[in-house]
Amino acid sequence: MSDVRVRFAPSPTGELHIGGARTALFNYLFVRRIGGTFVLRIDDTDLERSKEDYIDKLMASMIWLGLDWDEGPYYQSKRLDQYSGEAEKLLTEGKAYRCYCSIDELASGRETAKKENRSYLYPGTCRNLTAEEEKKFLNEGRKPVIRLRIPETGTTLVKDEIRGIVSFENSDLDDFIIIKSNGLPTYNFASVVDDLQLNITHIIRAEEHLSNTPRQQLCAVALGYEMPIFAHVPMILAPDRSKLSKRHGATSVEEFRDQGFLPEALINYITLLGWSPGGDKEIFSLDESIQTFSLQKVNKTAAIYDTAKLTWMNSHYIREYDLDQLAGAALPFFQKKGLIEDKPGKEELDYYKKVLETVRERAKTLVELADASTYFYDDQFTYDQKGVKKAFTKADVSDLLRHAAQELEALDSFSGTDAEKTFESLCEKLELSAGRLIQPTRLAITGRMGGPGLFDIMNLLGREKTVERLKSAAEYIDKELNQQNS
RNA sequence: GGCCCCUUCGUCUAAUCGGUUAGGACACCAGCCUUUCAAGCUGGCAACAGGGGUUCGAAUCCCCUAGGGGUCACCA
């Protein structure tokens with residue numbers, strides 16, 4: 001096993017969204033290829049926004065996607081001693097200092113800077129306070145924060161596996177806060193302390209963190225460490241090129257799951273968002289991606305996510321999935337529609353799998369799969385109105401349906417092929433094209449104009465239901481339609 | 001606004017060191033297949049942001065402009 005260590009460090013302020021999932025995925029692909037350790041860390045230093053419920057959901061989503069980790073979760077909220085300890089060290093070394101400026105004072109400085117249309121940097125008011133001055137502030141009841149002393153000159157170089165070397169002028173940075181007045185660390189500090197203490201070797205994270213990296217690197221330098229290697233992966237944007245948010249529809253892994261997407265499809269789709277193995281292959285498994293993944297081939301450009309392609313991939317996986325696996329994945333969707341019992345028996349499950357087999361070809365999501373299966377369970381359906389106009393209004397349709405029902409009833413044995421033969425000879429006898437009989441029959445037994453092969457449906461439904469539905473359709477035509485006509 | 005990153009079909013992307021009719025996938029359109037709807041197959045539409053260089057030759061290297069994104073919090 002290699003000593004490469006990566007981490008995925010979500011903050012539990014929401015569900016795992018598609019961008020976070022992709023970041024986790026790239027960490028996973030990278031570390032699994034190299035045989036290193038994948039660490040999960042929960043960045044929960046924001047007490048107000050962090051919720052425990054989200055931690056469980058985050059982990060559940062990762063497991064559902066198949067992204068398992070080796071170590072953790074570590075919780076920043078349980079490591080607070082580490083941060084204050086390191087901060088204290090910086091304080092005694094003179095690399096950090098206490099700042100007594102109030103939030104209001106800071107805000108007003110920021111405001112005037114904005115009015116004068118220049119960028120605001122903390123002016124270093126408390127940079128060189130004397131002991132007496134500090135005492136005075138303390139007596140006033142001020143609670144200090146701790147700021148890192150940033151070099152006034154020089155350049156900080158960030159090495160990034162994807163973007164090369166990115167340089168920042170230290171003079172553009174200010175002495176930022178590492179410990180808040182409530183004693184908790186800020187993200188920029190806690191994250192650095194953790195990455196160093198957990199021996200993280202590669203930080204693979206979203207591009208939005210690139211601008212913060214020089215600050216973190218300066219932290220590491222002050223703490224006497226060298227920073228790990230960075231890889232800032234491009235963002236995933238909404239179709240309108242803006243940052244992803246709720247108003248763009250489904251953005252979390254959980255939502256995609258609820259909409260009937262398979263984890264393999266989601267993974268396959270986001271794998272291709274910002275990375276490509278080269279070549280023409282589009283469909284591949286997590287394991288296949290691990291074999292070919294490299295950070296160097298990750299794109300620099302932000303990707304816009306487009307559910308059309310995801311949907312196409314999902315339909316592909318629905319078609320190709322192992323039947324038992326598909327049955328397991330789709331079951332909750334059937335149960336939600338009330339098609340299947342909470343604890344289905346063996347017979348019910350066998351029938352269910354047969355239904356899946358005949359229906360899976362044309363479903364793009366698991367929701368559609370359940371929608372397309374209702375008439376296998378429920379006799380009480382209405383006829384598609386367009387279909388009624390097309391298939392039920394021709395002359396003598398009701399007689400035709402009754403005739404077909406009679407023929408089927410007269411059969412010694414009943415199967416899909418038997419039914420097909422019966423229909424063929426009936427059409428021949430009546431000198432009808434196959435469609436003339438098949439269309440109204442389809443509508444009669446499913447209520448719809450599209451779907452699986454008619455005789456496959458009959459086969460599954462069985463003779464009794466088929467005949468029954470043919471007859472009641474004939475009745476419907478005589479009653480409803482002829483009444484209208486007269 | 002300062003700083004940083006980015007720019008190939010509508011979208012995701014490919015194109016070893018500069019030499020390609022700029023390739024694939026989704027979507028879209030047409031045809032084939034077919035009892036319907038899908039699937040599948042075949043074909044079509046469609047891109048190097050703009051302008052300067054460097055070079056025999058630039059999507060590829062350099063510069064400028066424009067556009068997009070990120071970041072500048074006692075959020076992460």
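Chain letters run A, B, ... following the sequence lines, proteins first, then strands; residues in each count from 1. Computation of the quantities below employed the complete heavy-atom set of this structure, encompassing side-chain atoms and omitting hydrogens, waters and symmetry-equivalent molecules. This one's a predicted model, so the numbers in the text were calculated from it and none came from an experiment.
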So does [X] pair up with [Y], basic N to acidic O under 4.0 Å?
X: A/Arg147; Y: A/Asp174; answer: no
X: A/Arg463; Y: A/Glu407; answer: no
X: A/Lys421; Y: A/Asp418; answer: no

Given that both distances must come in under 3.5 Å, which nucleotide forms a Watson-Crick or G-U wobble pair with [N]?
N: B/G57; value: none
N: B/U21; value: none
N: B/C26; value: B/G10
N: B/A39; value: none
N: B/C45; value: none
N: B/G1; value: B/C72
N: B/C33; value: none

With rounding to the closest Å, how many angstrom separate the [atom1] atoms on [N] and [M]?
N: B/G23; M: B/C48; atom1: C1'; value: 13 Å
N: B/A27; M: B/A73; atom1: C1'; value: 42 Å
N: B/C37; M: B/G31; atom1: P; value: 13 Å
N: B/A46; M: B/G51; atom1: C1'; value: 25 Å
N: B/C61; M: B/A25; atom1: P; value: 27 Å
N: B/U60; M: B/U16; atom1: P; value: 13 Å
N: B/C75; M: B/G68; atom1: C1'; value: 25 Å
N: B/C9; M: B/A59; atom1: C1'; value: 14 Å

Any idea which of [options] is nearest the [X] side chain?
X: A/Ile438; options: B/U35, B/C4, B/U11; result: B/U35
X: A/Ser181; options: B/C74, B/C12, B/C26; result: B/C74
X: A/Lys243; options: B/U71, B/C37, B/C26; result: B/U71
X: A/Lys180; options: B/C4, B/C74, B/C26; result: B/C74
X: A/Ser211; options: B/C26, B/G70, B/C5; result: B/G70
X: A/Met235; options: B/G24, B/A73, B/G70; result: B/G70

Could you check whether [X] gets within reach of a base, just the sugar-phosphate, or nothing at all, counting any heavy atom under 4.0 Å?
X: A/Gly274; value: sugar-phosphate
X: A/Cys101; value: base
X: A/Asn212; value: base

#### Entry: 5'-most by nearest nucleotide on RNA chain B - A/Arg215 or A/Tyr305
A/Tyr305
### Task
Could you say whether A/Asp46 or A/Glu361 is positioned toward the 5' end of RNA chain B, judged by the nucleotide with the nearest heavy atom to each?
A/Glu361
### Task
Consider only side-chain N and O atoms of A/Asp194 and A/Tyr83, and report whether a donor and an acceptor are under 3.5 Å apart.
yes
Counting only side-chain N and O atoms of [X], is one of them less than 4.0 Å from OP1 or OP2 of [N]?
X: A/Arg436; N: B/U35; result: no
X: A/Arg448; N: B/U35; result: no
X: A/Thr45; N: B/A76; result: yes
X: A/Asn299; N: B/C6; result: no

Determine whether any donor atom in the side chain of [X] lies under 3.5 Å from an acceptor atom in the base of [N], or the reverse, and answer yes or no.
X: A/Glu282; N: B/G24; value: yes
X: A/Thr301; N: B/C6; value: no
X: A/Lys300; N: B/C6; value: no
X: A/Arg49; N: B/C75; value: yes

### Query
Please walk me through it: do A/Thr292 and A/Phe284 pass side chain to side chain contact (heavy atoms under 4.5 Å, CB included)?
CA-CA 11 Å; A/Thr292 47; A/Phe284 33 71; over 6 Å; no
### Query
Are A/Tyr187 and A/His209 close enough that their ring centers fall under 6.0 Å?
yes
### Query
For the side chain of A/Asn27 and the backbone of A/Thr23, is there at least one donor-acceptor N/O pair under 3.5 Å apart?
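At least one qualifying donor-acceptor pair exists.
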